[in-house]
Number of protein chains: 2
Amino acid sequence: MTDPMKRFSESTIRRLSHYYRVLEEVHAEGQRMISSHLLAEREDITSAQVRKDLSYFGSFGRRGLGYNVEHLRTEIRAILGLDRRWRVALVGAGHIGAALLAYRGFRDQGFDVVAVFDSSPERIGKTLGDVVVQDIAKLPECEGAEMGVIATPVRAAQEVADMLVAAGVRGILNFAPRKLRVPEGITLRNVDMTMEFESLSFVLSQTRGKPRRRAGE
Amino acid sequence: MTDPMKRFSESTIRRLSHYYRVLEEVHAEGQRMISSHLLAEREDITSAQVRKDLSYFGSFGRRGLGYNVEHLRTEIRAILGLDRRWRVALVGAGHIGAALLAYRGFRDQGFDVVAVFDSSPERIGKTLGDVVVQDIAKLPECEGAEMGVIATPVRAAQEVADMLVAAGVRGILNFAPRKLRVPEGITLRNVDMTMEFESLSFVLSQTRGKPRRRAGE
DNA sequence: TCCCGCTTGTGAAAACGTTCACCTGCCCGC
DNA sequence: GCGGGCAGGTGAACGTTTTCACAAGCGGGA
Ligand SMILES: NC(=O)c1ccc[n+]([C@@H]2O[C@H](COP(=O)([O-])OP(=O)(O)OC[C@H]3O[C@@H](n4cnc5c(N)ncnc54)[C@H](O)[C@@H]3O)[C@@H](O)[C@H]2O)c1
Ligand SMILES: NC(=O)c1ccc[n+]([C@@H]2O[C@H](COP(=O)([O-])OP(=O)(O)OC[C@H]3O[C@@H](n4cnc5c(N)ncnc54)[C@H](O)[C@@H]3O)[C@@H](O)[C@H]2O)c1
């Protein structure tokens, strides 16, 4: 869509998401223009970074003025592929699955959960959100979903991934804490809360090795 | 704990978590030794990367042989700060909060949720997991928690963060999709599922602009 | 005991991402 | 319509992370 087959860094994309969110807010507040400096908002992003990120995709600002909020919002929306709706198949109607289904934010961003699958007889047939939980055995018959979400226990994750790929999804969001194998051409993203906890625990034990206000370890 | 005040890259730490997980598995299977090549396991990490990561913290392997699984597991455990228990205060007993409380994995890794807070009268007083949900107004009286988890709606997130900091936590895991301000010395990690979805949507719209097997856009 | 194949640990090189610094363009006030 | 100040775009410098490549160490077999 841009140049030939240029790839953009993961971090740039994550920051685009961030800019988009800021723009949504600022737009709601009625602001018309915003500077790269304000877009950066928090000190871990510099204004130069903002401008560089945006410049990979085009020239959206006006010198001396900044960026038009409405315009930039529309542009980033298009870049992130949020100017359309995505059909999502969710596998695993447990805690995480239920949380996702209950979350309005996703629908608002263009993500529609069009099918939910589970293996437990207790869950199959129940209505969750506005879709009926289907038997995982029916997943191969699922059509039209571009993305899959894996919210099953670890042991089922790889098998489910294979089924999703067979059913034709091109991207998978995986909540199970395990690296999955997917064929080339299939995009995989992991949400790994365990890792975040461990990262916290690492930093905290670095900065002060022992519990506060207690004797030795 | 290592040299003077050397900092390690975020990615190194995330990979350590990954290695740790692989080691747990391999350990359970009864393997005694493992090579850096096998530790990398998936093609997006090279064996050189594994060795470099580990070398930041010491020399744990033996040339010609690889790493002793049990030993390396213990070492990484200590590096990540998982050789102790962490007290966690959870704020927001909604979908995400409930999912976290129900998840055995965290307890197994050494994270104990010692207190849960919510603002909704419907939730306060209910028992979730094995703790009673308390009124958020009681958070300032909470003592001894080293980490806080924010699982409230976005609008409450910053206020909750401030309260957690006041209550003495040194690290915060934030599920609300907004950048939070925290004082220096407080470690903040964000789990942002929306961003992951957007990242998927970006890649998918790059690789093939239109839905598969359907006419126009 | 000595050699060979295997695998680590690590400097050096390469790739990558971020920051700097400056030129350009634009608006506004005079 | 002219000048000053503001703010975006961008090549180059910089710093960090990853990869490369190889010497050094180890075990096992002859
Ligand atoms: N809950 C958390 O806080 C948390 C935190 C970190 C990671 N995770 C991971 O997220 C995943 C989901 O966690 P959860 O808490 O929602 O688990 P859960 O047990 O609440 O739900 C899992 C669901 O998957 C279903 N399932 C099992 N096997 C299946 C299969 N083969 N096909 C289809 N469905 C199947 C189960 O019936 C259940 O409904 C797990 O892999 C877990 O490790 C969860
Ligand atoms: N559910 C998801 O799949 C999902 C996905 C992405 C992001 N998030 C984010 O995670 C956060 C939690 O999501 P959720 O689905 O669990 O929401 P939820 O509505 O199920 O739960 C939120 C809980 O926070 C409580 N709460 C509200 N204000 C509070 C306050 N000031 N102090 C203490 N408690 C308060 C509410 O009573 C409720 O119990 C939200 O910020 C949401 O944007 C959720």
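In what follows, every chain begins at residue 1, and chains take the letters A, B, ... in the order their sequences are listed.
In this structure, the NE2 atom of A:H37 is 19 Å from the P atom of D:dG5, given to the nearest Å. We find that CD1 of B:I13 is positioned 11 Å from P of D:dT17, with the value rounded to whole Å. With rounding to whole Å, A:N68 atom CG is found 21 Å from C:dG25 atom P. The CG atom of A:L39 sits 13 Å away from the P atom of D:dA7 (whole-angstrom rounding). The separation between B:D53 atom CG and C:dT10 atom C1' is 13 Å, rounded to whole Å. When rounded to the nearest whole Å, the span between CG of B:D44 and P of C:dC16 equals 15 Å. Going from atom CZ of A:R32 over to atom P of C:dC27 covers 12 Å, rounded to whole Å. If you take CE of A:M33 and P of C:dC26, they are 12 Å apart, rounded to a whole angstrom.
The phosphate of D:dG9 has OP1 or OP2 within less than 4.0 Å of a side-chain N or O from A:Y67. Contact annotation: A:S36 does not reach the phosphate of D:dA7 (side-chain N/O to OP1 or OP2, under 4.0 Å).
Under 3.5 Å, the side chain of B:R63 and the base of C:dT7 form no donor-acceptor pair of N or O atoms. For a distance-only test at 3.5 Å, the side chain of B:R51 fails to qualify as a donor-acceptor partner of the base of C:dT8.
Comparing atom distances between the A:S11 side chain and each of D:dT10, C:dG17, C:dT24 picks out C:dG17 as nearest. Candidate nucleotides C:dT8, D:dC20, C:dC27 were compared by shortest atom distance to the side chain of A:R62, and C:dC27 ranks first. Of the listed nucleotides (D:dG9, D:dG11, D:dG27), D:dG9 has the atom at the smallest distance from the side chain of A:S55. Comparing atom distances between the B:Q49 side chain and each of C:dT18, C:dG9, D:dT19 picks out D:dT19 as nearest. The side chain of B:Y56 sits closest to D:dT18 out of D:dT18, C:dT18, D:dG9.
Counted by atom type alone, A:Y20 and A:R77 present one or more donor-acceptor pairs between their side chains at under 3.5 Å.
Note on B:E70 versus B:R32: no salt bridge recorded, every NZ/NE/NH1/NH2 to OD/OE distance being 4.0 Å or above. For the pair A:E41 and B:K179, the salt-bridge criterion is not met [side-chain N within less than 4.0 Å of a carboxylate O].
Taking the six-membered ring where tryptophan is involved, the planes of B:F106 and B:F111 are perpendicular, since the angle between them exceeds 60° and thus also 30°.
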Determine, stepwise, if the pair B:F175 / B:D192 fulfils side-chain contact (heavy atoms from CB on, under 4.5 Å).
-> CA-CA 6 Å; B:F175 284 85; B:D192 198 328; over 6 Å; no

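The nearest heavy atom of DNA chain C to A:K52 and to B:L65 marks one nucleotide each, and the one closer to the 5' end goes with B:L65. The nearest heavy atom of DNA chain C to A:G64 and to A:E10 marks one nucleotide each, and the one closer to the 5' end goes with A:E10.
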